[in-house]
Visitor: 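Quick one: this structure, given as structure tokens, is what I'll be asking you about.
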Amino acid sequence: MARKVSEGPPWEKLSGLDRSGMLGVLARFPDQCREGIAIGEQVPVDPLAGFSRAVALGMGGSGIAGDLLAHLLSVEVIPVRTYTLPRWVGEETLLLALSYSGDTEETLSAFADGLGRTRRALAVTSGGALGKLCAQRGIPWVRIPDGYQPRAALGYLLFPLLALFRGLGTFRDDLTETLAVLDEQARALGPASPGNPAQELALLLHGRVPLVYGAGPTAPVAFRWKTQINEHAKQPAFWAELPEACHNEIVGWELAGKVFPNGVVVFLRSRHDHPRVQARIEILKELLDRRGLPYLEVQGEGEGALAQMFSLLYLGDWASVYLALLNGADPTPVRPIQELKDRLGRWQ
Ligand code: PA5
């Protein structure tokens with residue numbers, strides 16, 4: 001995408017908008033993942049063994065851990081984002097409740113539904129009603145530190161589960177490279193590294209509405225980019241999954257120049273993308289050129305599929321925070337979510 005970004009904004013001054021310290025939390029993400037692994041290694045796994053598939057109940061910043069998990073385990077994981085469970089959930093299903101606050105009504109409701117159908121259940125939460133329920137009923141739960149925004153606690157929400165599922169034999173990947181790549185990114189993408197790729201990306205996205213595309217394991221990463229841009233930068237963003245988008249979404253590009261002049265497509269690219277997905281992206285770029293819709297390509301880092309996946313995720317987290325600063329927003333507060341929850345709490 002041809003757009004001049006040579007004259008950078010005063011990032012140091014803009015960082016003053018980050019009143020609640022999201023940049024600092026982001027910089028510690030690799031450490032959070034390591035802490036998460038250590039927490040997960042303490043959880044006894046025997047009571048959970050013997051399941052053939054799992055449902056991951058969770059919304060928003062917690063629910064994304066379930067989407068990622070579905071691409072990482074050697075058993076089927078179905079993310080559930082509503083009040084009730086699919087009919088097939090039964091004794092062979094592991095019930096996984098993911099709620100950072102422990103007070104999310106959809107997750108609590110689906111968990112209660114599932115507890116009547118299977119004895120294999122586990123929660124990941126900092127406490128709240130979910131923590132209380134688990135403590136009262138002797139349900140195993142992973143207690144994670146409180147005081148974070150749910151979306152800023154992904155290392156605590158997901159990585160204990162990776163350790164735990166490793167103990168159960170359903171997660172077999174080595175995380176060494178992924179953590180090393182994240183460490184490197186933490187150094188390269190922080191505000192003290194001016195002109196870094198995350199800041200460059202934020203400048204390219206500024207004033208535009210991103211359509212983020214991922215494929216396979218990078219599909220939930222594309223969703224994470226969308227939600228992080230929404231919540232950090234307080235602006236619209238959309239995502240879709242390849243190759244599915246080739247069968248519908250691309251027709252919508254025809255009038256994009258007219259009805260969506262500020263759109264920009266972002267392709268998340270992993271060196272492990274299926275060769276036919278790679279071919280599709282090359283053709284899609286030509287189509288976009290013809291439609292006059294700008295696009296960016298972002299490449300994952302590292303050798304392995306996991307490093308590629310998490311490096312794209314982490315880059316998106318940084319870029320969305322820098323975009324917030326360019327938008328004049330404090331990345332942390334999410335007032336509309338809070339207001340909706342407050343009003344629902346009073347709803348008769
Ligand atoms: O980012 C947010 O604050 C939301 O997306 C929350 O994660 C969502 O509302 C669910 O809350 P919790 O993560 O506490 O279950």
Side-chain angles (χ1 to χ4, degrees), residues 18-23 25-26 29 32 36 39 55-69 79-85 95-114 121-134 139 141-161 212 220-239 313-314 316-321 323-324 329-347:
D18 180 29
R19 285 181 284 278
S20 321
M22 188 59 84
L23 283 164
V25 174
L26 210 46
F29 178 65
Q32 195 188 106
I39 293 171
V55 278
L57 327 175
M59 309 300 295
S62 297
I64 184 70
D67 299 310
L68 294 165
L69 205 59
V80 172
R81 286 191 167 81
T82 188
Y83 292 88
T84 53
L85 294 176
L95 201 59
L96 212 52
L98 309 169
S99 173
Y100 183 72
S101 63
D103 289 322
T104 299
E105 64 173 41
E106 298 95 318
T107 311
L108 288 167
S109 161
F111 197 50
D113 180 6
L122 174 80
V124 182
T125 181
S126 67
L130 186 58
K132 218 174 270 168
L133 176 76
C134 291
I139 300 165
W141 62 297
V142 181
R143 186 181 201 142
I144 56 176
D146 61 11
Y148 291 80
Q149 286 290 322
R151 66 190 185 281
L154 184 62
Y156 290 134
L157 285 156
L158 177 64
F159 282 71
L161 292 173
V212 190
V221 178
F223 176 53
R224 168 81 170 183
W225 273 57
K226 171 244 184 309
T227 58
Q228 292 291 73
I229 292 171
N230 295 151
E231 294 188 53
H232 287 149
K234 281 74 177 164
Q235 66 158 79
F238 300 92
W239 79 289
L313 183 145
Y314 196 30
D317 282 7
W318 281 108
S320 61
V321 170
L323 186 57
D330 180 350
T332 301
V334 282
R335 286 189 195 95
I337 297 176
Q338 204 43 57
E339 186 192 333
L340 186 73
K341 287 183 179 180
D342 291 347
R343 288 191 61 184
L344 267 171
R346 295 193 301 271
W347 197 270

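All residue numbers refer to positions in the sequence shown, counting from 1. Start at 1 and go down the list; that is how both ligands and their atoms are numbered.
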Visitor: Residues in side chain to side chain contact (heavy atoms under 4.5 Å, CB included) with N230, at least two apart?
Guide: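 Here the qualifying residues are K226, A237.
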Visitor: Is R335 paired with D330 through a side-chain N to carboxylate O contact shorter than 4.0 Å?
Guide: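 So D330 does not pair with R335 through a salt bridge.
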Visitor: If the condition is side chain to side chain donor-acceptor pair (under 3.5 Å), which residues does R151 pass it with, not counting sequence neighbours?
Guide: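 With neighbours one apart ignored, the set is Q149, E231, H232.
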Visitor: Please tell me if the side chains of T107 and T125 come closer than 4.5 Å, counting only heavy atoms from C-beta onward.
Guide: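 No, every pair of side-chain atoms sits at 4.5 Å or beyond.
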Visitor: Atom CZ in F111, atom CG in L133: separation rounded to 0.5 Å?
Guide: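 Taking CZ in F111 and CG in L133, the distance rounds to 6.0 Å.
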Visitor: Give me the pairs of N or O atoms, one from ligand 1 and one from the protein, that sit under 3.5 Å apart.
Guide:
unit_1   : atom_1 : unit_2 : atom_2 : d
ligand 1 : 1 (O)  : E231   : OE1    : 2.5
ligand 1 : 1 (O)  : E231   : OE2    : 3.3
ligand 1 : 5 (O)  : G61    : N      : 3.1
ligand 1 : 7 (O)  : G61    : N      : 2.9
ligand 1 : 9 (O)  : K341   : NZ     : 2.7
ligand 1 : 11 (O) : T104   : OG1    : 2.9
ligand 1 : 11 (O) : K341   : NZ     : 3.3
ligand 1 : 13 (O) : S62    : OG     : 2.5
ligand 1 : 14 (O) : S101   : N      : 2.8
ligand 1 : 14 (O) : S101   : OG     : 2.6
ligand 1 : 15 (O) : S99    : OG     : 2.6
ligand 1 : 15 (O) : T104   : OG1    : 2.5

Visitor: Could you pull out all residues at least two apart from W239 that satisfy ring-ring contact (aromatic ring centres under 6.0 Å, His included)?
Guide: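 With neighbours one apart ignored, the set is F223.
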